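A short worksheet on the structure shown next.
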Amino acid sequence: MRAAAAILVTLLLGGCAAENTTTEQPAMYVNMADPGARLDVQVAASMISQYRQNNGLGSVVIDPELTRLAESQSQAMANKNKLDHDVRAPLPKRLSEAGYPATLAVENVSAGYHTMAEAFSGWRDSPPHRENMLKNGVTKMGIAATYAPNTKYKVFWTLILASTEAR
């Protein structure tokens with residue numbers, strides 16, 4: 001009788017454990033305003049590439065140097081609590097100072113969006129930002145989101161799209 005009861009309790013506990021499984025949130029919905037949250041740049045590249053392909057354009061690949069430059073821009077905006085392309089310097093100057101051989105480059109910045117999905121939607125719904133995401137000829141990208149809890153916007157975003165190919 002005790003053995004049967006022990007088996008029954010084990011089965012019941014096993015059933016409870018199975019019900020407590022968690023599903024991971026899709027990377028595009030990770031809240032970048034949560035301390036320690038990390039932007040999945042590959043998911044961002046896939047999302048932007050799919051959007052470009054849906055509009056008859058080529059995909060883009062992550063460029064580590066553009067990502068570093070995007071991180072620097074997002075951090076500069078966060079440090080000054082200011083949404084501004086030129087918070088440190090205009091994009092052409094930042095690229096030149098970094099020795100990045102861009103033959104074509106555009107940039108989207110934004111602030112206040114907490115997820116990649118929100119930032120993407122905001123850019124897609126803004127004509128100048130949409131135009132940048134659909135810029136013909138860009139093949140590389142860098143993207144960053146910086147969390148700054150003591151600022152007005154909390155999260156600062158930068159997307160840089162570029163090409164290094166001769167035009």
Side-chain angles (χ1 to χ4, degrees), residues 23-34 37-80 82-148 151-167:
T23 57
E24 193 170 317
Q25 186 173 31
M28 70 181 83
Y29 297 114
V30 170
N31 186 350
M32 299 308 295
D34 287 341
R38 306 230 0 121
L39 176 63
D40 188 327
V41 295
Q42 293 301 330
V43 168
S46 177
M47 191 176 204
I48 291 167
S49 288
Q50 187 63 53
Y51 181 62
R52 289 176 55 79
Q53 290 167 356
N54 288 347
N55 285 276
L57 297 167
S59 62
V60 291
V61 297
I62 292 294
D63 181 302
E65 182 63 12
L66 288 178
T67 298
R68 189 189 68 70
L69 290 164
E71 288 168 352
S72 176
Q73 174 66 11
S74 288
Q75 190 62 58
M77 290 188 300
N79 289 345
K80 294 206 174 175
K82 185 177 183 182
L83 174 61
D84 182 6
H85 286 277
D86 300 338
V87 70
R88 204 170 55 74
L91 178 61
K93 184 174 183 182
R94 286 183 274 132
L95 292 169
S96 176
E97 286 176 351
Y100 192 85
T103 54
L104 173 65
V106 293
E107 176 181 68
N108 285 353
V109 295
S110 61
Y113 298 118
H114 287 199
T115 68
M116 177 62 212
E118 289 173 356
F120 173 82
S121 292
W123 289 333
R124 183 197 59 215
D125 296 341
S126 161
H129 294 100
R130 178 182 190 277
E131 182 179 324
N132 283 346
M133 287 197 302
L134 297 178
K135 187 74 169 175
N136 193 22
V138 298
T139 57
K140 301 174 184 190
M141 70 170 268
I143 189 167
T146 297
Y147 175 52
T151 63
K152 175 182 178 181
Y153 297 109
K154 308 295 184 223
V155 183
F156 293 82
W157 293 85
T158 302
L159 169 66
I160 303 172
L161 298 157
S163 174
T164 56
E165 298 167 13
R167 293 181 47 126

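Quick caveat: nothing in here was measured; it's all calculated off a predicted structure. Heavy atoms only: backbone and side chains are in, while hydrogens, waters and symmetry mates are out.
By the neighbour-count criterion of 12 heavy atoms within 6.0 Å, atom NZ of K154 is densely surrounded, having more than that number from other residues, nucleotides or ligands.
What you find for A27 and V43 is that their closest heavy atoms are CB-CG2, 3.7 Å. Here the closest non-hydrogen pair linking S74 and F156 is OG-O, 3.3 Å. In terms of heavy atoms, A37 sits closest to V30 at CB-CG1, 4.0 Å. Across all their heavy atoms, R52 and G137 have their closest contact at NH2-N, 4.5 Å. Residues A45 and M141 share a closest heavy-atom pair of CA-SD, 3.6 Å. Summarising the geometry of A78 relative to A148, their closest heavy-atom pair is CB-CB, 3.7 Å, with the distance given to 0.1 Å.
Note: N108 CG to F120 CZ = 10.5 Å, rounded to the nearest 0.5 Å. Interatomic distance, CD of E118 versus CE of M32, reported as 11.5 Å (0.5 Å rounding). The CE atom of M47 sits 8.5 Å away from atom CZ of R124, with the distance rounded to the nearest 0.5 Å. The structure places OG1 of T146 at 7.0 Å from CD of E71, a figure rounded to the nearest 0.5 Å. Between the CG atom in L83 and the CH2 atom in W157 there is a gap of 13.5 Å [rounded to 0.5 Å]. Between atom OG1 of residue T67 and atom CD1 of residue I143 there is a gap of 8.5 Å, rounded to the nearest 0.5 Å.
S121 places a side-chain N or O within 3.5 Å of a backbone atom of A117 that can act as its donor or acceptor partner.
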List the atom pairs, with distances to 0.1 Å, where a side-chain N or O of residues 96-107 and a protein N or O form a donor-acceptor pair under 3.5 Å, not counting sequence neighbours.
{"from": "Y100", "atom 1": "OH", "to": "D63", "atom 2": "OD2", "distance (Å)": "2.9"}
{"from": "T103", "atom 1": "OG1", "to": "S163", "atom 2": "O", "distance (Å)": "3.2"}
{"from": "T103", "atom 1": "OG1", "to": "E165", "atom 2": "O", "distance (Å)": "2.5"}
{"from": "E107", "atom 1": "OE1", "to": "H85", "atom 2": "ND1", "distance (Å)": "2.8"}
{"from": "E107", "atom 1": "OE1", "to": "R94", "atom 2": "NH2", "distance (Å)": "2.9"}
{"from": "E107", "atom 1": "OE2", "to": "R94", "atom 2": "NH1", "distance (Å)": "2.9"}
{"from": "E107", "atom 1": "OE2", "to": "R94", "atom 2": "NH2", "distance (Å)": "3.1"}

Listed pairs under 3.5 Å, donor-acceptor, residues 54-62 side chains, sequence neighbours left out:
{"from": "N54", "atom 1": "OD1", "to": "Q50", "atom 2": "NE2", "distance (Å)": "3.0"}
{"from": "N54", "atom 1": "ND2", "to": "Q50", "atom 2": "O", "distance (Å)": "3.4"}
{"from": "N55", "atom 1": "ND2", "to": "Y51", "atom 2": "O", "distance (Å)": "2.8"}

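Looking only at side-chain heavy atoms (C-beta outward), I48 and L159 come within less than 4.5 Å of each other. No side-chain heavy atom of I160 sits less than 4.5 Å from a side-chain heavy atom of Q73. Residues D40 and M116 are not in side-chain contact: their nearest non-hydrogen atoms beyond the backbone lie 4.5 Å or more apart.
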Q: I would like to know whether L161 and K135 meet side-chain contact (heavy atoms from CB on, under 4.5 Å); could you show each step before the answer?
A: CA-CA 8 Å; L161 298 157; K135 187 74 169 175; 5.6 Å; no

(Q) The test is side-chain contact (heavy atoms from CB on, under 4.5 Å); show your working for T151 and M77 and say whether it passes. (A) CA-CA 10 Å; T151 63; M77 290 188 300; over 6 Å; no

Q: Check the pair V155, Y113 against side-chain contact (heavy atoms from CB on, under 4.5 Å), reporting the backbone distance first and the verdict last.
A: CA-CA 6 Å; V155 183; Y113 298 118; over 6 Å; no

**Q.** Steps toward side-chain contact (heavy atoms from CB on, under 4.5 Å) verdict (L66, L95)
**A.** CA-CA 9 Å; L66 288 178; L95 292 169; 4.0 Å; yes

